[in-house]
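For reference, the structure is listed below as structure tokens.
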Amino acid sequence: MAKWNIRDIAYCGVIAALYAVLTVALAPISYGVYQVRVSEALTILPFLYAPSMLALFIGCLVANIFGGFGIQDIVLGSLITLVAGYATYLISRLKSKRLAMSLAPLPPVIFNAFGVAAYLYKITGMSYLFVAQMIGIGELIACYLLGLPLLIILNSRKSLFHIHTG
Amino acid sequence: MNSRLIIGQYKPSNSFGHSLDPRGKIFAVLYLMIISIFTSSPIFYSLIILGLLIMLLLSDVSLSAMAKNGKPFVFLVGITALYHLLFSARDTKTLFEIMGFRLTEGGVEMALSFSLRVLVFVALAFFISLTTSPSDIAETLVNWLKPLKRIGAPVNDIGLIVFIAMRFIPVLAEEFETIRKAQVVRGVNFSGGIKNRARKMTILLIPVFQSAIRRADDLALAIESRGYISNAERSSLRVFRFGVQDWLFVLLAMVITTILFVLTGEMNWLK
């Protein structure tokens with residue numbers, strides 16, 4: 001595994017805190033079956049900066065500590081965010097940048113809709129597809145309505161944010 | 001943005017719940033969560049909720065604090081109940097019919113059972129988050145990741161990231177609030193339709209993100225100047241000790257819930 005430099009660690013810590021702040025502060029709409037987790041807009045970051053996938057994993061882990069679904073949400077929810085972050089990072093390596101950018105917010109939508117629903121439907125007893133659909137809609141709003149514009153802006157101001165894409 | 005929401009949940013205390021080792025508490029809660037999935041007995045869920053309520057009261061958590069923290073989940077419990085009343089067990093006995101809507105016996109039972117199950121999960125999460133400091137929970141999880149060191153996972157770095165995140169939550173929450181107020185003063189209206197709100201939220205996210213990155217740069221410099229070594233063994237300010245009361249708590253929690261699980265399983269309405 002590649003060795004991390006101090007800057008990566010500091011960036012990841014602060015991005016994780018930002019994810020947690022955005023989630024917890026908007027708590028009523030950040031947890032449960034009907035959720036629009038505004039912090040999920042940050043899931044586009046691995047597209048520009050690969051180490052941020054770990055930041056999102058930790059941010060989600062910390063945010064879910066405050067949530068209402070306990071350990072499985074803390075562990076599984078954050079692992080799903082990590083996998084989605086990795087998929088977003090892989091999309092960033094596509095040759096067509098235009099296509100890549102439009103697909104970047106898709107992994108968190110898909111992984112959260114089908115992954116989070118897998119344990120949430122067990123708790124609530126609702127149908128799996130219903131829960132997946134509800135979470136998918138919330139994720140679509142967060143990732144495409146908030147995340148995509150954020151990605152376009154950050155992509156055009158890489159130097160401003162000192163993001164190193166290497 | 002309400003930063004009190006973040007800081008106000010956990011309150012330090014010397015109560016029984018607070019003094020337990022977080023590893024034992026998390027393990028017991030994990031066991032309860034798993035066992036709760038394998039039953040649908042409303043009696044089991046009611047007894048567990050009652051037990052957790054007593055534990056929370058013994059842990060200096062007031063009823064008003066529980067009500068405040070539980071508010072966001074009222075909607076979720078209500079929706080769960082409504083979903084089952086409307087869509088579940090439609091082929092069971094009709095209790096009554098009003099304006100074409102049939103309330104079935106099975107639907108009521110499932111509504112009761114699953115809303116209680118959601119309440120159990122919420123109460124368990126409360127027991128952990130209201131009696132354990134977030135840094136203790138994070139440290140426990142990082143401790144449990146330690147075996148991954150053998151496959152080369154940067155566990156120390158992950159630990160440091162978790163602690164930076166914990167430290168920066170109140171700082172960034174305050175920053176977010178300041179920037180939001182500044183935008184409001186400049187005439188930004190955060191109300192309106194979803195599309196408008198999303199657009200305004202992006203306007204808010206950019207300066208917050210930029211500010212966070214600036215802080216990260218300063219932090220990196222500070223860590224570097226203190227000679228941080230990535231792979232070196234790190235010590236912790238607080239060393240956890242798993243004492244007799246922790247063993248007793250875990251064993252009693254497991255034994256009592258298993259007995260309840262078996263006994264109420266025989267009375268299960270939804271076999």
Side-chain angles (χ1 to χ4, degrees), chain A residues 1 3-22 24-28 31-34 36 38 41-42 54-55 58-59 61-62 65-75 122-127 130 141 145-146 149-150 153-154 157 160-163, chain B residues 1-3 5-6 9 26 29-30 33 37 72-73 75-76 79-80 83-84 110 114 117-118 121-122 124-125 128-129 134 137-138 141 152-154 157-158 160-162 164-166 168-169 172-173 176 194-195 198 201-202 205-206 208-210 212-213 215-217 219-220 223-224 228 230:
Chain A
M1 199 161 282
K3 207 180 163 191
W4 288 47
N5 65 44
I6 303 291
R7 207 175 191 206
D8 289 331
I9 293 171
Y11 273 34
C12 285
V14 174
I15 292 169
L18 188 60
Y19 183 101
V21 164
L22 290 172
V24 179
L26 304 167
Y31 303 101
V33 177
Y34 299 91
V36 180
V38 170
L42 298 177
L54 189 67
I58 292 167
L61 188 142
V62 172
I65 288 172
F66 300 95
F69 288 106
I71 294 296
Q72 53 195 341
D73 207 22
I74 295 170
V75 178
K122 268 277 180 197
I123 300 170
T124 59
M126 295 175 176
S127 104
F130 177 77
I141 294 170
L145 281 182
L146 289 168
L150 186 68
I153 295 168
L154 289 181
R157 299 186 198 175
L160 182 67
F161 293 98
H162 309 289
I163 286 172
Chain B
M1 173 73 52
N2 181 1
S3 54
L5 196 72
I6 299 163
Q9 282 213 339
I26 293 177
V29 162
L30 196 62
M33 282 179 169
I37 289 284
F73 300 101
F75 177 68
L76 181 64
I79 285 290
T80 306
Y83 174 89
H84 289 292
M110 286 185 80
F114 283 108
R117 181 188 279 184
V118 171
F121 276 81
V122 171
L124 284 169
I128 289 293
S129 64
I137 300 173
L141 295 172
D157 294 342
I158 291 174
L160 183 59
I161 294 169
V162 171
I164 292 172
M166 290 293 187
F168 270 81
I169 286 174
L172 290 182
F176 195 102
I194 291 180
K195 208 175 168 185
M201 194 54 92
T202 313
L205 279 175
I206 299 291
V208 174
F209 187 78
Q210 188 181 9
I213 293 300
R215 282 178 186 278
D217 279 331
L219 184 69
I223 299 172
E224 207 156 27
Y228 174 79
S230 184

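If you're wondering where the values come from, they're calculated on a predicted model, not measured in any experiment. Note on naming: letters A, B, ... go to the chains in the order of the sequence lines (proteins, then strands), and numbering restarts at 1 for each one.
Heavy-atom minimum distance, A20(A) versus I169(B): CB-CD1, 3.8 Å. Nearest heavy atoms, H84(B) versus T124(A): NE2-O, 2.9 Å. Here the closest heavy-atom approach between residue Y83(B) and residue S127(A) is recorded as OH-N, 2.9 Å. Scanning both residues, V14(A) and A212(B), for their nearest heavy atoms gives CG1-O, 3.2 Å. Nearest heavy atoms, A216(B) versus A10(A): O-CB, 3.4 Å.
Residue with the most contacts toward chain B among L18(A), L42(A), I15(A): L18(A) (heavy-atom pairs, distance under 4.5 Å). When the candidates I128(B), V162(B), I26(B), I79(B) are compared by the number of heavy-atom contacts under 4.5 Å with chain A, I79(B) comes out ahead.
Applying the side-chain contact (heavy atoms from CB on, under 4.5 Å) criterion to L30(B), with sequence neighbours excluded, gives I71(A), I34(B). Remark: I6(A) pairs with A220(B), I223(B), E224(B), Y228(B) by the side-chain contact (heavy atoms from CB on, under 4.5 Å) rule, at least two apart or across chains.
To the nearest 0.5 Å, atoms CD1 (I153(A)) and CD (Q210(B)) are separated by 11.5 Å. Taking CD1 from I161(B) and CG from L54(A), the interatomic distance works out to 4.5 Å, rounded to the nearest 0.5 Å.
Between T80(B) and I123(A) there is no side-chain heavy-atom pair separated by less than 4.5 Å. Residues Y11(A) and D217(B) form a side-chain contact, since some pair of their non-hydrogen atoms from C-beta on lies under 4.5 Å apart. Looking at L150(A) and F209(B), their side chains never come closer than 4.5 Å, going by heavy atoms from C-beta outward. Counting heavy atoms from C-beta on, the side chains of I158(B) and I58(A) come closer than 4.5 Å.
Contacts between Y19(A) and chain B at a heavy-atom distance below 4.5 Å are absent for every atom of the residue. For V36(A), no part lies near chain B; criterion is any non-hydrogen pair under 4.5 Å.
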